[in-house]
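In this chain, residues are counted from 1 in sequence order. Everything quoted here is computed from the prediction, not taken from an experiment. What you see below is based on every heavy atom in this structure, not just the backbone, and it leaves out hydrogens, waters and symmetry mates.
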Amino acid sequence: MSLKLLESKLSGELLYDDLIKALYATDASVYRMLPLAVAYPKDEEDIKLLIQYAKQESTSLIPRTAGTSLAGQCVGKGIVVDVSKHFTKILKVNETSKTVTVQPGVVRDALNNYLKPYGLFFGPNTSTSNRCMIGGMVGNNSSGTTSIKYGVTRDKVLGLKTILSDGSEVVFGELLSEEFMKKTKLDTLEGEIYQSIYDELKPKSVQKEINEKFPKPEIHRRNTGYAIDALIDTDIFSEGEEEFNMCKLLSGSEGTLAFTTEITLQLDDLPPEHRIMVAAHFESIESCLLAVVPAMKHNLYTCEMMDKTILDCTKRNKTQQENRQFLVGDPEAILMCEVKSNNFEDVKNQADLLVKALEKSGLSYANPILVGNDIDKAVHLRSAGLGLLGNIVGDKKSVACIEDTAVVLDDLADYIGEFTALMATYSQNAIYYAHAGAGELHLRPILDLKQKEDVKLFRKITRDVAQLVKKYNGSFSGEHGDGIVRAEFIPLMIGEANYQILKRIKQVFDPENIFNPGKIVDAYPMDKSLRYEPDRAEPEIETIMDFSHSQGILREAEKCNGSGDCRKLPEFGGTMCPSYRATRNEKDTTRGRANALREFLTNSEKSNKFNHKELKEVFDLCLSCKACASECPSSVDVASLKAEFQYQYQKENGYSFSNKFFAKSTKYNKIASRAPKFYNWLFQNKFTSGIIKNTLGVHSQRSLPRVSESYISWANFSDWIDGNDYTPKPIKSVYLFVDEFTNYLDSQIAIDLEILMEVLNYKLIYIHHFESGRSYLSKGFLEEAKKLANQNVGVFKDLISEKTPLIGIEPSAILTFKDEYLKLADDKASAEKIAKHTFLIEEFLQKEIELGNITSDQFTSESKTIKFHGHCHQKALSNQLSSFSVLNLPKNYKVTMIPSGCCGMAGSFGYEKEHYEVSMQIGEQTLFPTVRKSGNDVIIATNGTSCRHQIKDGTGRIAQHPITILKEALI
């Protein structure tokens, strides 16, 4: 059967073009394999067809949800089967039994949001919990920070509805002894599986070998191979009272045994309301590790460790200064121990007892107690330190291979002592980030896998650590799974006899090896199929934008580590990635775009490596919101990647009429502003506007912007200021950048700002300057944008200083000084100096409020309610809290932030007919519904001209700029 014929039979999609294969060639690991195709099945029948095809064509199926696996579980040469798009239903909740049945594509945190009204939640978590999915958690047997209290995923899986390798549907769950034996008599593959398991595990000699060679049973985080050690503890094979459940085996099997379509989970009551964290400080790693055992004698919900290296990463990070306030001195390590209770006095008593025990041990030198938001700050500090630690510029990266080891608590101190000594032999500094209460250590060596010598070291370090873990009878795979990176060492970890049992189990479940081959058994080599060819000749790629901060554009793309933060849904906040939130397509993520660019820049045979229609497709729905620059843990700047791509691609293929028009829109707005009433009539008249929209490729339902009838020319705006200057002794003088959007489309806001600043006793200085170049940047006209950047830097370089800063009204324009100009301007020193003293107007006012130069007494005491939506560029490059702060200045103004991401307009993006639907879908996620629910007496505020246009078109409401609101609030 051909792929084309298979495609025609599926209800879902089957894609096999070069772009889709590039997108799915990697996960969050170091591995890369181009798949045969990618399938998005809609139902069980689709999966059966895929199984049939795989058997007929001797290929394989690689199950995938969010693709955040660190060990290479989601890469393979067969068909990647992505269930994250259609298998996303929460099917049934049983409050009495505290269970839930879901499809594998349900996001873990989304499930818990759904369960909250029932007073229930799914306990196991991961650092990726706002995008990882239950199917992936089952496949990897995930655990996370809560495992010491709530256990691991395997502990919670009650039932699995699966499709076996022969296409039969089988439900696995708990079985009484008699039910189990009946299963063995079935003349089906299911019956053969049960009989085989019984025959393999019944002999006492086999059970003895398993107990001796598998990781110690006290280690609850263990994913080494298939969990046959969990099966022999059931009443079928021992004196134990636990009923047999095949789900124990399937959990952690990484999709190598069966294809799961439904999952039934045991839930827990919501955690207690009150919580306290004791952040014990230590002068040495050894003291910290020794303290884990006495700490764990208390009823802890989490017990996490971070070391000085992680803490030091946050020292110079401005956003983390507040989160560091709980630190006492300069600790070598901190143990973060959390206790909880529904009674505050009880939780306080628990914390006091824990502190007394730590003090009695003499191991810690300080034990600050954290409550409420201070706990969250400490947790954020830890995760921020890790993120900063991972942002290494260049080809050396922290490599996931030995980061998942676990030993029993009594062995932890000795194990880490030997571990540290071993790392020292490789000149690797041990960085301690541990789920200490679970005996699990996360450490990654720093290696350059582009070099053969480091690839050899990759294998040697992994093998040596495996042997060390074996010495302590620990688990080499604690929670991240075996995948490719660790599967090769399973025989070493559990013994050859036990490994042969695993192979026979795989054979009976999947005789033709169609389910995720190369994982668990018959492993792919751990040092092959890497993302990069060792000792390759690095592609030479010239760009007009300066990517030297990442050592070039290719390394900018290579910064993506596959963590998938760009796949989080709107309900979890943030902005990244707006188009993915609308389409749920991998190609519309930061990860997808970075991976595609990396693939084509690396492997293209063309002289212009950007000249690929696949790259045009992958960047098409990028709104250049810039959220990736701040929200992506690797800070992959896709907005800059897109601008450079557009320039390079269009240089080869030409510019469309529409792109030319939007890039040069300032020129046309200036012409229109000379006769604004006439042009506004043309833009608003149904007949003429229809012709204009059709000519420019604007969607018929999108309204065209009105040109300001109170147009401010360069000359008369200066005259207007001079004629209205009543600030002979101003508090400060500031230069105003009158951007092209404010000037021609929203000039009243500039007038409102002049009035506001005059009353507040600040002097605006206006000089002739050039447009920001934003419209050129958005369409890839980088030569024109570079010219404007150089001109504006030349204009302001001798004027802007700490005493005379540059301020602006429109975020997308003024923030070019802090972003793109640094990558385009030839005079880098001057550009950086200007950027340092350039502020969005709300930022400037916020600083003046903090200095006491502006007070609420200068504004009305009238009560008003305001809802504010922040501009994407402000969120990414500035601080939207500044707008919140200034809007709260009038003492009786009640201001709330709309928890929206991107509005969906993004300059010309929302106008274009091919993007209009996605643009409105993005608006409908959070922004439009919030605005519609707001009463007519509620003021809607936003500082972006595109945002105001989108709100008007999407809801019919007129949004105001914060400056206008403040001006009208003056006494």
Is D620 paired with K587 through a side-chain N to carboxylate O contact shorter than 4.0 Å?
no
Salt bridge E740-K670, side-chain N to carboxylate O under 4.0 Å: no
- [ ] Take the angle between the ring planes of F817 and F796 and call it parallel below 30°, perpendicular above 60°, tilted in between.
- [x] perpendicular
- request: Classify the angle between the aromatic ring planes of F770 and H768 as parallel (below 30°), tilted (30 to 60°) or perpendicular (above 60°).
  value: perpendicular
Residues 944-971 vs ring-ring contact (aromatic ring centres under 6.0 Å, His included), sequence neighbours excluded, gives Y911-H949
**Item:** Aromatic ring proximity, centroids under 6.0 angstrom, Y735 and Y766
**Value:** no
side-chain hydrogen bond (donor to acceptor under 3.5 Å, both in side chains) filter on S579, not counting sequence neighbours, yields R593
Taking side chain to side chain contact (heavy atoms under 4.5 Å, CB included) as the test, write out the residues that go with [X], two or more places apart.
{"X": "F661", "value": "Y668, L696"}
{"X": "A594", "value": "C560, V636"}
{"X": "K660", "value": "Y655, F781"}

Within a 6.0 Å radius of atom CD on E850, are there more than 12 heavy atoms belonging to other residues, nucleotides or ligands? yes
Item to check | K828 atom NZ, neighbour heavy-atom count above 12 within 6.0 Å | outcome: yes
In this structure, CG of D565 is separated from SG of C632 (nearest 0.5 Å) by 6.5 Å
[X] side chain vs [Y] backbone, donor-acceptor pair below 3.5 Å:
{"X": "K875", "Y": "G901", "value": "yes"}
{"X": "N761", "Y": "K729", "value": "yes"}
{"X": "T964", "Y": "Q960", "value": "no"}
{"X": "S882", "Y": "N879", "value": "yes"}
{"X": "K786", "Y": "L824", "value": "yes"}
{"X": "H612", "Y": "E614", "value": "no"}
{"X": "Q858", "Y": "T855", "value": "yes"}
{"X": "Q684", "Y": "W681", "value": "no"}
{"X": "S946", "Y": "G907", "value": "yes"}

Per side chain to side chain contact (heavy atoms under 4.5 Å, CB included), Y893 is matched among T865, L966, I965 by I965
Under 3.5 Å, which donor-acceptor pairs do the side chains of residues 916-923 form with other protein atoms, sequence neighbours left out?
unit_1: S919; atom_1: OG; unit_2: R702; atom_2: NH2; d: 3.2
unit_1: S919; atom_1: OG; unit_2: G904; atom_2: O; d: 2.6
unit_1: S919; atom_1: OG; unit_2: Q950; atom_2: NE2; d: 3.2

Heavy-atom nearest pair, E820 first then L815, reads OE1-O, 4.4 Å
Practice problem: For residues L970 and T860, determine if any side-chain heavy atom of one lies less than 4.5 Å from a side-chain heavy atom of the other. | Solution: no
When K818, E842, E843 are each screened for side-chain hydrogen bond (donor to acceptor under 3.5 Å, both in side chains) with S878, the one that passes is E843
Test side-chain hydrogen bond (donor to acceptor under 3.5 Å, both in side chains), reference E771, set N743, N792, T666, T816, output is T666
